[in-house]
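One structure is given here, and the rest of the page talks about it.
Values below: all heavy atoms of this structure, side chains included; hydrogens, waters and symmetry mates excluded.
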Amino acid sequence: MKIYENKNTVILEGVSDFDPKHIFECGQCFRWKVQDDGSYTGVAKGRVINVSREGDTVYLKNTNLEDFNKIWKEYFDLDTDYAQIKNELRKMDEYLEKATEFGWGIRLLKQDPWEMIISFIISSNNRIPMIQKAIANLSREYGTYIGEYGGVDYYDFPTPEQLNNASVEEIRACSTGFRDKYIKSTTESVINNNDDVYEYFKLDTEDCRKELMKFNGIGPKVCDCIALFGMQKYDTFPVDVWVKRVMQEFYVEDDMSLPKIRKYAIDKFGELSGFAQQYLFYYARELGIGR
């Protein structure tokens with residue numbers, strides 16, 4: 001892969017296993033929006049960038065090589081060999097062979113743990129456009145202003161200290177719905193207990209899950225999403241409606257409970273469970289499998 005900078009754009013030539021649509025629409029993130037030209041603009045790590053792909057070349061606009069090496073290389077998990085991961089999954093069964101081929105460009109982003117905690121609390125029983133709206137509103141009202149790009153103002157996700165300034169009513173006014181009290185409770189808990197959620201990724205998966213589950217509004221599925229997308233716990237397996245459908249379609253009986261589906265998947269996919277979940281989720285949702 002050849003990497004260089006040109007006119008406020010970092011260009012990655014010869015990059016494989018990287019497709020913006022697959023990455024930003026596989027259920028793992030909420031702050032990336034598709035543009036009229038098919039590119040995606042998003043906020044992460046206090047920065048705003050635009051990502052597009054042409055052939056085997058990826059363009060990261062509104063950034064530079066220094067930030068690429070400091071932020072984006074890790075954020076996009078570019079040091080991980082996704083071809084090898086897909087090869088391992090492909091060997092497991094024909095369904096993963098099809099799913100990894102369909103979502104060949106998926107990469108699991110290394111996202112901010114605190115942002116993932118609040119984002120997935122908001123995601124509970126919610127639709128993606130509403131999740132995106134609530135996160136954007138909270139960021140605009142309580143986050144730090146980053147700057148303007150493409151005629152749009154962008155804001156960083158609020159820190160626990162910033163979000164703690166908001167009342168339950170003000171949080172609800174950001175279109176969070178019934179989740180307002182969970183967001184407030186979790187934020188207060190982090191502040192009052194001086195809880196460093198950024199340390200959770202150092203814990204093993206079960207201990208990490210126990211720490212996350214102590215917060216109001218975080219049940220097993222939300223917990224697994226946070227652990228996977230915010231703490232890089234790749235041996236977990238979030239089960240939502242689409243994952244349940246694809247598992248019932250290909251792997252388990254229709255009456256199997258969600259905890260048993262989760263256990264079955266982790267037993268089967270092992271250390272690659274989180275990766276398998278993303279390929280299967282994207283495959284099922286895009287093709288409407290198990291409707």
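In terms of modelled atom types and a separation under 3.5 Å, the side chain of Thr236 and the main chain of Lys233 share no donor-acceptor contact. Listed for the Gln28 side chain is a donor-acceptor partner under 3.5 Å among the backbone atoms of Leu109.
Ser39 and Asn50 form a side-chain donor-acceptor contact under 3.5 Å, judged by distance and modelled atom types alone. Side-chain contact annotation: Ser273 with Asp235, donor-acceptor N/O pair under 3.5 Å absent. Between the side chains of Tyr198 and Asp112, at least one donor N or O lies within less than 3.5 Å of an accepting N or O. A donor and an acceptor atom, one from each side chain of Asn193 and Ser189, are located under 3.5 Å apart. A donor and an acceptor atom, one from each side chain of Thr144 and Gln162, are located under 3.5 Å apart. Residues Arg179 and Ser123 bring no donor and acceptor atom of their side chains to less than 3.5 Å of each other. Checking Gln111 against Glu115 by side-chain atom types alone, no donor-acceptor pair falls below 3.5 Å. Under the 3.5 Å distance criterion, with hydrogens and angles disregarded, no donor-acceptor pair is assigned to the side chains of Thr159 and Trp114. Side-chain contact annotation: Glu141 with Tyr155, donor-acceptor N/O pair under 3.5 Å absent. A donor-acceptor contact closer than 3.5 angstrom is absent between the side chains of Asp207 and Tyr200. Under 3.5 Å, the side chains of Asn8 and Asn62 contain a donor-acceptor pair of N or O atoms.
Within a 6.0 Å radius of CD in Glu13, other residues, nucleotides and ligands contribute more than 12 heavy atoms. Within a 6.0 Å radius of CD in Glu199, more than 12 heavy atoms belonging to other residues, nucleotides or ligands are found.
Figure legend: cation-pi geometry between Lys2 and Tyr4, with NZ or CZ positioned under 6.0 Å from the six-membered ring centre and within 45° of its axis.
Residues Met1 and Leu12 approach most closely at SD-CB, 4.2 Å, considering heavy atoms.
Salt bridge Glu206/Arg209: present, at least one basic N to carboxylate O contact under 4.0 Å.
Classification of the Phe229-Phe120 ring pair by plane angle, with boundaries at 30° and 60°, yields parallel. Aromatic ring pairs are classed by plane angle as parallel below 30°, tilted from 30° to 60° and perpendicular above 60°; the pair Phe76 and Phe24 is perpendicular.
Under the ring-ring contact (aromatic ring centres under 6.0 Å, His included) rule, Phe275 has a single partner from Phe269, Tyr234, Tyr282, which is Tyr234.
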